[in-house]
Amino acid sequence: MGLSEELEKLHRLYQSGALDEEEYRRAKARLLEGQGESASSGGDAPEQQRRESRLRQWAMFLHLAPLATVVVPIAGAALPLVLWQLKRQEFPELDQHGVAVTNWTLSILVYTLPLYALSWVPLVGWFPWYAGLVIVVLFAVLGAAKASQGQVPRYWLALPFIRSA
């Protein structure tokens, strides 16, 4: 990613409120200083690649976190929020992933009540519950796969509780 693209991404984060003015100023200065150093010292490409790799890895973890519900029911709702908040300072780009996963997780909680109610209807049984579980697992895996490629997935059934820029 070139300097102009990085600056544009940084500006979008600032405009969306993900970065305050001081964070934006420091990040922009670091970015511009890094560009000057890379031109004179042969490049900072390996460090940028490591950072991008770590960002993609954390984004992938964030999208897989709702699967923790299988082990501990409330963990699937709490773990994505905890990961997002822990890593958002280091990786401001993670905000878009955090919003997507949080909206999806909250949507899962909203959809759980009707699925549970349907599970007690004769002839319907637990089929809607199992179908919902398959959708949750499938969306988590697909979301993680897109995040590992550097894309921010959009969950099809997610309700827009939180908006991002």
Side-chain angles (χ1 to χ4, degrees), residues 1 5-6 8-20 22-24 26-27 47-165:
M1 188 177 296
E5 293 166 330
E6 290 285 337
E8 185 178 320
K9 186 190 303 183
L10 192 62
H11 186 67
R12 280 194 309 257
L13 287 169
Y14 173 65
Q15 285 182 326
S16 72
L19 297 173
D20 63 25
E22 179 63 24
E23 291 171 324
Y24 172 70
R26 280 185 284 155
E47 180 58 37
Q48 183 64 25
Q49 288 173 344
R50 281 192 296 274
R51 184 187 186 288
E52 182 68 25
S53 175
R54 286 192 322 267
L55 169 64
R56 288 180 183 195
Q57 182 180 25
W58 280 106
M60 197 171 72
F61 290 155
L62 194 60
H63 289 280
L64 289 173
L67 294 180
T69 299
V70 175
V71 179
V72 178
I74 198 68
L79 188 58
L81 287 171
V82 170
L83 288 176
W84 178 24
Q85 296 307 311
L86 284 175
K87 290 297 180 176
R88 72 185 298 187
Q89 295 299 325
E90 185 179 351
F91 301 108
E93 304 93 336
L94 212 57
D95 271 350
Q96 293 175 338
H97 293 276
V99 168
V101 172
T102 301
N103 282 337
W104 173 235
T105 304
L106 292 173
S107 298
I108 291 169
L109 294 174
V110 168
Y111 296 142
T112 298
L113 188 59
L115 287 178
Y116 183 72
L118 279 174
S119 68
W120 294 101
V121 174
L123 298 176
V124 174
W126 288 91
F127 176 74
W129 192 260
Y130 293 125
L133 182 62
V134 167
I135 289 171
V136 167
V137 171
L138 182 67
F139 280 16
V141 170
L142 291 174
K146 278 196 162 195
S148 73
Q149 296 169 354
Q151 301 171 1
V152 179
R154 300 289 175 228
Y155 291 96
W156 177 55
L157 295 171
L159 302 170
F161 293 104
I162 301 172
R163 303 250 185 224
S164 65

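In this text the structure is predicted, and so the values were computed from the model without any measurement. What's counted below: heavy atoms across the whole structure, side chains too, no hydrogens, waters or symmetry copies.
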>> Just verifying a value: how many Å separate Leu83 CG and Arg88 CZ, rounded to the nearest 0.5 Å?
In response: 13.0 Å
> Has the side chain of Asn103 got a donor or acceptor atom that lies under 3.5 Å from a matching backbone atom of Ile162?
Replying inline: yes
> So, do Tyr24 and Leu10 sit near enough that their side-chain heavy atoms are less than 4.5 Å apart?
Replying inline: yes
>> Using every non-hydrogen atom in the two residues, find where Ala68 and Leu79 come nearest and quote the distance to one decimal.
In response: CB-CD2, 4.0 Å
>> Please list all pairs meeting side-chain hydrogen bond (donor to acceptor under 3.5 Å, both in side chains) that have one or both residues in residues 137-152, counting only residues at least two apart or in different chains.
In response: none
> Do the side chains of Phe91 and Arg51 get nearer than 4.5 Å, heavy atoms only?
Replying inline: yes
>> Measuring from atom CH2 of Trp129 to atom OH of Tyr111, what distance do you get when rounded to the nearest 0.5 angstrom?
In response: 14.5 Å
> Just wondering, are more than 12 heavy atoms of other shown residues or ligands nearer than 6.0 Å to CZ in Phe161?
Replying inline: yes
>> Under a 4.0 Å threshold between the charged nitrogen and the carboxylate oxygen, would Glu23 count as salt-bridged to Arg26?
In response: no
> Rounded to the nearest 0.5 Å, what separation is found between the CG atom of Leu94 and the CD atom of Gln89?
Replying inline: 11.5 Å
> What pair of heavy atoms forms the shortest contact from Leu109 to Ala77, and how long is it?
Replying inline: CD1-CB, 4.2 Å
> Nearest heavy-atom pair of Gly132 and Leu115: which atoms, and what distance?
Replying inline: CA-CD1, 4.1 Å
> Tell me the side-chain hydrogen bond (donor to acceptor under 3.5 Å, both in side chains) pairs involving residues 63-72, sequence neighbours left out?
Replying inline: His63-His97, His63-Tyr155
> Just how far is it from atom CG of Leu86 to atom CG of Leu81, taken to the nearest 0.5 Å?
Replying inline: 10.5 Å
> Pick from Gln48, Arg50, Arg54, Arg56: which one makes a side chain to side chain donor-acceptor pair (under 3.5 Å) with Glu52?
Replying inline: Arg56
>> Regarding Lys9 and Glu5, does a basic nitrogen lie under 4.0 Å from an acidic carboxylate oxygen?
In response: no
> According to the interplanar angle, ranging from 0 to 90°, do the rings of Tyr14 and His11 count as parallel (below 30°), tilted (30 to 60°) or perpendicular (above 60°)?
Replying inline: tilted
> Which distance, rounded to the nearest 0.5 Å, do you find between the NZ of Lys87 and the CG of Leu55?
Replying inline: 11.0 Å
>> Determine whether a donor-acceptor pair (N or O, by modelled atom type, separation under 3.5 Å) exists between the side chain of Thr112 and the backbone of Ile108.
In response: yes
> How far apart are the closest heavy atoms of Pro66 and Thr105, and which atoms are they?
Replying inline: CG-OG1, 3.8 Å
> Around Ile74, counting heavy atoms of other residues, nucleotides and ligands shown, do more than 12 lie under 6.0 Å from its CD1?
Replying inline: no
>> Quick check for you: to the nearest 0.5 Å, what is the distance between Trp104 atom CH2 and Ile135 atom CD1?
In response: 6.5 Å
> Do Trp84 and Val99 have side-chain heavy atoms sitting under 4.5 Å apart?
Replying inline: yes
> Parallel under 30°, tilted from 30 to 60°, perpendicular over 60°: which one fits the rings of Phe139 and Trp156?
Replying inline: perpendicular
>> Give me the atom names and distance for the closest heavy-atom approach of Ser107 to Leu159.
In response: OG-N, 2.6 Å
